Amino acid sequence: QVQLAESGGGLVQVGASLRLSCTVSGRTTSGRTFSSYAMGWFRQAPGKEREFVASISYTGASTTYAASVTGRFTISRDNAKNMVYLQMNSLKPEDTAVYYCAAETYFGVLSTRESGYEFWGQGTQVTVSS
């Protein structure tokens, strides 16, 4: 079983920064562990659909970002610690959402699609006040 747990959310003002963390534990039934997973961040505001934010390949060599966060957010990973991060700078009210960490355990290739990820965390709330 693969388990993910997000942390680092909170209430901040416009223009502030937050760093979200996701801790990954366990392994797939085929024995794959964190270092072989692609990872992604998604977010969902109340009453809205969940949307893609950022993703990173299993080695960390490749990253992809939603247009709305490009230049402000940075995804990174530390395979030695089984963790993935989302550094969020210049936060805006429209960034307010529950942020979810997700793992793609089969291919290790980043994806912008929810269906590309097999395991999800329970989310951490980010609120940006104006």
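Residue numbers run from 1 in the order of the sequence given. What you see is a predicted model; the values in this text were computed from it and never measured.
Contacts of E118 classified as side chain to side chain contact (heavy atoms under 4.5 Å, CB included), with partners at least two apart in sequence or in another chain: E104, T105, Y106. In terms of the side-chain hydrogen bond (donor to acceptor under 3.5 Å, both in side chains) criterion, T96 has no residue partners (sequence neighbours excluded). Taking E114 as the reference, R50 meet the salt bridge (charged side-chain N to carboxylate O under 4.0 Å, His left out) condition, with sequence neighbours excluded. For R77, the salt bridge (charged side-chain N to carboxylate O under 4.0 Å, His left out) test picks out no residue, with sequence neighbours left out. With sequence neighbours excluded, the residues that form a side chain to side chain contact (heavy atoms under 4.5 Å, CB included) with S35 are T33, N79. Judged as a side-chain hydrogen bond (donor to acceptor under 3.5 Å, both in side chains), and not counting sequence neighbours, Y100 has no contacts. Scanning for side-chain hydrogen bond (donor to acceptor under 3.5 Å, both in side chains) contacts around R27 gives an empty result, with sequence neighbours left out. With sequence neighbours left out, the side chain to side chain contact (heavy atoms under 4.5 Å, CB included) criterion links A67 to no other residue. Residues satisfying the salt bridge (charged side-chain N to carboxylate O under 4.0 Å, His left out) criterion with R72, sequence neighbours excluded, are D95. For the side-chain hydrogen bond (donor to acceptor under 3.5 Å, both in side chains) test, residues two or more places apart in sequence or in another chain that qualify with Q125 are T127.
One N or O on the side chain of E6 and one on the backbone of G123 form a donor-acceptor pair closer than 3.5 Å. No side-chain donor-acceptor contact under 3.5 Å links Q44 to the backbone of A97. A donor-acceptor pair under 3.5 Å is formed between the side chain of S57 and the backbone N or O of S62.
With rounding to the nearest 0.5 Å, the separation of OG in S55 from CD1 in I75 is 6.0 Å. Between atom CE of residue M83 and atom CG of residue L4 there is a gap of 11.0 Å, rounded to the nearest 0.5 Å. For the atom pair CD (Q1) and OG (S25), the distance works out to 10.0 Å, reported to the nearest 0.5 Å. Here the straight-line distance linking atom CD of Q3 with atom CD of Q122 works out to 9.5 Å at 0.5 Å rounding. In this structure, CG on L91 lies 13.0 Å from OG on S130, to the nearest 0.5 angstrom.
Within a 6.0 Å radius of CD in E94, more than 12 heavy atoms belonging to other residues, nucleotides or ligands are found.
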All N/O donor-acceptor pairs, side-chain side in residues 9-20, below 3.5 Å, sequence neighbours left out:
unit_1	atom_1	unit_2	atom_2	d
S17	OG	N89	OD1	2.9

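Only one option out of F52, F42, F107, Y37 pairs with Y117 in a ring pair (Phe, Tyr, Trp, His ring centres under 6.0 Å); it is F42.
Scanning both residues, A54 and L86, for their nearest heavy atoms gives CB-CD1, 4.2 Å. The two residues V53 and Y99 come nearest to each other via the heavy atoms CG2-CE2, 4.3 Å. Closest approach of L110 to A38, counting heavy atoms only: N-CB, 3.7 Å. Taking both residues in full, the closest heavy atoms of Y85 and D78 are given as CE1-CB, 4.1 Å, listed atom of the first, atom of the second, then distance.
A continuous path of hydrophobic side-chain contacts links I56 to Y65 [ILVMFWY only; heavy atoms under 4.5 Å]. Taking hydrophobic clusters as Ile, Leu, Val, Met, Phe, Trp and Tyr residues chained together by side-chain heavy-atom distances below 4.5 Å, V2 does not share a cluster with W120.
By the 4.5 Å heavy-atom criterion applied to side chains, S21 and K81 are not counted as neighbours. By the 4.5 Å heavy-atom criterion applied to side chains, V24 and M39 are counted as neighbours.
Among residue pairs with one or both ends in residues 84-130, those qualifying as disulfide bond (SG atoms under 2.5 Å apart) are C22-C101; sequence neighbours excluded.
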